[in-house]
Protein chains: 2
Amino acid sequence: MSQNQTPLRGRPKKLDRNLILQSALMEYWTKGPSNVSINDICKLTGASKPGVYREFSNDDGLKKSALETYQTLAVQPLLDILYSDKPISETIDAAISFITQDRKSMGVPNGCLLVMMTAQSEQLGSSTLEELNRIRANLFTAYFSWVKRAKLEGELSDLETNETALYLENQHIGAMRMQREGISNETIANVLNFAFKMAFSKKPKLLLN
Amino acid sequence: MSQNQTPLRGRPKKLDRNLILQSALMEYWTKGPSNVSINDICKLTGASKPGVYREFSNDDGLKKSALETYQTLAVQPLLDILYSDKPISETIDAAISFITQDRKSMGVPNGCLLVMMTAQSEQLGSSTLEELNRIRANLFTAYFSWVKRAKLEGELSDLETNETALYLENQHIGAMRMQREGISNETIANVLNFAFKMAFSKKPKLLLN
DNA sequence: AAGAATAAATACCTATAGGTACGATAATGA
DNA sequence: TCATTATCGTACCTATAGGTATTTATTCTT
């Protein structure tokens with residue numbers, strides 16, 4: 001976490017890696033990863049362009065590093081919730097609270113960087129894309145194991161575990177999309193609550209026809 | 001629809017508006033609207049750049065026109081289904097069939113241009129954005145009125161009409177996302193079938209806790 | 001035949017993206 | 001003191017984006 005580990009030799013480093021990383025993450029998150037250039041980051045942080053390239057190799061490297069920061073900041077907490085051993089209904093509530101918490105008061109942009117990057121994946125470099133797929137696979141696995149756990153606890157759904165996980169993933173992505181479009185967190189929470197409880201309903205529902 | 005309506009004066013038009021429109025639409029749809037340049041379209045169709053600009057004014061104009069084509073080609077059929085007066089369950093099936101039909105055999109790309117444009121909306125010009133919002137609003141209204149109709153027919157859900165419509169919109173977008181990511185249409189249909197039937201279930205479901 | 005009107009295409013423009021060459025600078029070790 | 005090591009930042013490079021000035025070609029009207 002600290003700036004330098006080895007008491008090094010040459011000219012002391014002035015470049016603030018952490019500042020750049022934070023700024024880049026916020027910019028990507030707010031404006032979308034494809035709408036932020038290295039030049040923007042330089043202007044924003046006062047860093048020189050070669051400095052940024054020295055530190056992160058290239059655009060792809062910076063995006064990848066920012067994405068890693070995002071993972072620990074915004075994805076890991078959700079994984080922790082999904083992997084908790086609390087009853088399913090509590091897990092649902094915790095997940096919904098986390099997803100729909102007020103971003104503004106936390107100084108964090110609306111929406112989800114994963115979702116944005118996925119939507120613009122054709123514009124990403126290879127290492128960012130790799131990282132993105134890794135994180136998304138982890139998240140999907142978390143949904144999958146959540147569903148499996150629910151089944152062990154007696155919750156059944158009509159769908160295969162895999163398909164239920166896909167369904168849950170859709171709800172999450174949908175929530176992030178709604179949030180980004182300015183829909184109130186209360187509305188989003190209502191929709192999510194409905195959608196999640198559906199997936200974990202105990203018995204086959206009474207269907208039309 | 002025809003090339004020239006008034007038997008006009010000057011040098012006869014060589015530029016094939018329709019070819020450009022079709023090519024542009026397919027390119028946007030396949031690669032994402034931000035990953036296709038006017039130059040690409042020119043190379044693809046053999047048109048000259050000033051020719052394209054004469055016809056569509058600018059990049060924004062071309063994208064807007066392509067989006068209009070998309071609307072009549074891919075959105076209107078869904079609107080027709082949603083506004084049909086068939087029983088809800090039949091409407092559900094029809095919508096799912098339409099959404100998950102095999103694109104390859106129809107010579108049409110996977111995914112949804114509306115969804116892609118929405119995801120990249122910061123990179124769109126004003127008139128394309130306007131058109132996009134118009135079409136999306138129409139689609140949302142269709143979902144909304146579908147839900148209202150279902151309620152008249154005795155189908156109830158826990159959610160307000162507006163929130164149910166948001167939920168349905170999410171399922172549709174989610175389906176398009178899955179399709180674009182290569183998930184089989186059968187799986188998508190299963191997920192959609194589950195999600196839609198949930199929204200239109202007759203009674204409050206048996207919930208956990 | 002002489003405009004008037006329209007479309008053609010080459011060759012250009014500006015802005016900005018990602019990326020780097022290179023000389024200057026600041027520390028350490030001998 | 002002087003090489004060594006490593007970072008600094010100005011000024012540049014190439015590629016490509018959107019967009020256009022200009023000249024030439026082809027038609028209809030008078």
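Excluded from the calculations below are hydrogen atoms, water molecules and symmetry mates; all remaining heavy atoms, backbone and side chain alike, are included. In what follows, every chain begins at residue 1, and chains take the letters A, B, ... in the order their sequences are listed.
Nearest-nucleotide positions on DNA chain C for A:S57 and A:K43 put A:K43 closer to the 5' end. Both B:D60 and B:G10 lie near DNA chain D, and the one whose nearest nucleotide falls closer to the 5' end is B:D60. In terms of position along DNA chain C, the nucleotide closest to A:I38 lies nearer the 5' end than the nucleotide closest to the other residue of the pair A:P12 and A:I38.
The separation between A:Q123 atom CD and D:dT16 atom C1' is 14 Å, rounded to whole Å. Spacing between atom CG of B:D59 and atom P of D:dT20 amounts to 12 Å, rounded to whole angstrom units. Taking atom CG of A:D16 as the reference point, atom P of D:dG9 lies 13 Å away to the nearest angstrom. To the nearest angstrom, P of D:dT7 lies 13 Å from CZ of A:R17. As rounded to whole Å, 13 Å separates atom P of D:dG9 from atom CD of A:E55. Regarding A:Y53, its OH atom lies at a distance of 4 Å from the C1' atom of C:dG18, rounded to whole Å. One can place NZ of A:K13 at 17 Å from C1' of C:dT28, the figure rounded to the nearest angstrom. Rounded to an integer number of Å, the gap from CG of A:D40 to P of C:dA15 is 17 Å.
Every side-chain hydrogen bond (donor to acceptor under 3.5 Å, both in side chains) that B:Y143 has, sequence neighbours left out, goes to B:H172. For A:Y70, the ring-ring contact (aromatic ring centres under 6.0 Å, His included) partners at least two apart in sequence or on another chain are A:W29. Checked against side-chain hydrogen bond (donor to acceptor under 3.5 Å, both in side chains), B:E27 has the following partners two or more places apart in sequence or in another chain: B:K31. Taking the side-chain hydrogen bond (donor to acceptor under 3.5 Å, both in side chains) definition, one finds that A:D40 meets it with A:S37, sequence neighbours left out. In this structure, the side-chain hydrogen bond (donor to acceptor under 3.5 Å, both in side chains) partners of B:N190, at least two apart in sequence or on a different chain, are A:E163.
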Give me the distances for all protein-to-nucleotides 9-13 of chain C N/O pairs that come in under 3.5 Å?
from: C:dA9; atom 1: OP1; to: B:K14; atom 2: NZ; distance (Å): 2.8
from: C:dA9; atom 1: OP2; to: B:S48; atom 2: OG; distance (Å): 3.3

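Residue A:R9 places its side chain closer to D:dT5 than to any other of D:dA17, D:dT5, C:dA27.
You'll find the side chain of A:T91 stays beyond 4.5 Å of the side chain of A:Y83, heavy atoms only.
Rounded to the nearest 0.5 angstrom, A:Q71 CD and A:L139 CG are separated by 9.0 Å.
Contact check, A:N39 against C:dA17: a side-chain N or O comes under 4.0 Å of OP1 or OP2. Side-chain nitrogen and oxygen atoms of A:S37 include none within less than 4.0 Å of the OP1 or OP2 phosphate oxygen of C:dT16.
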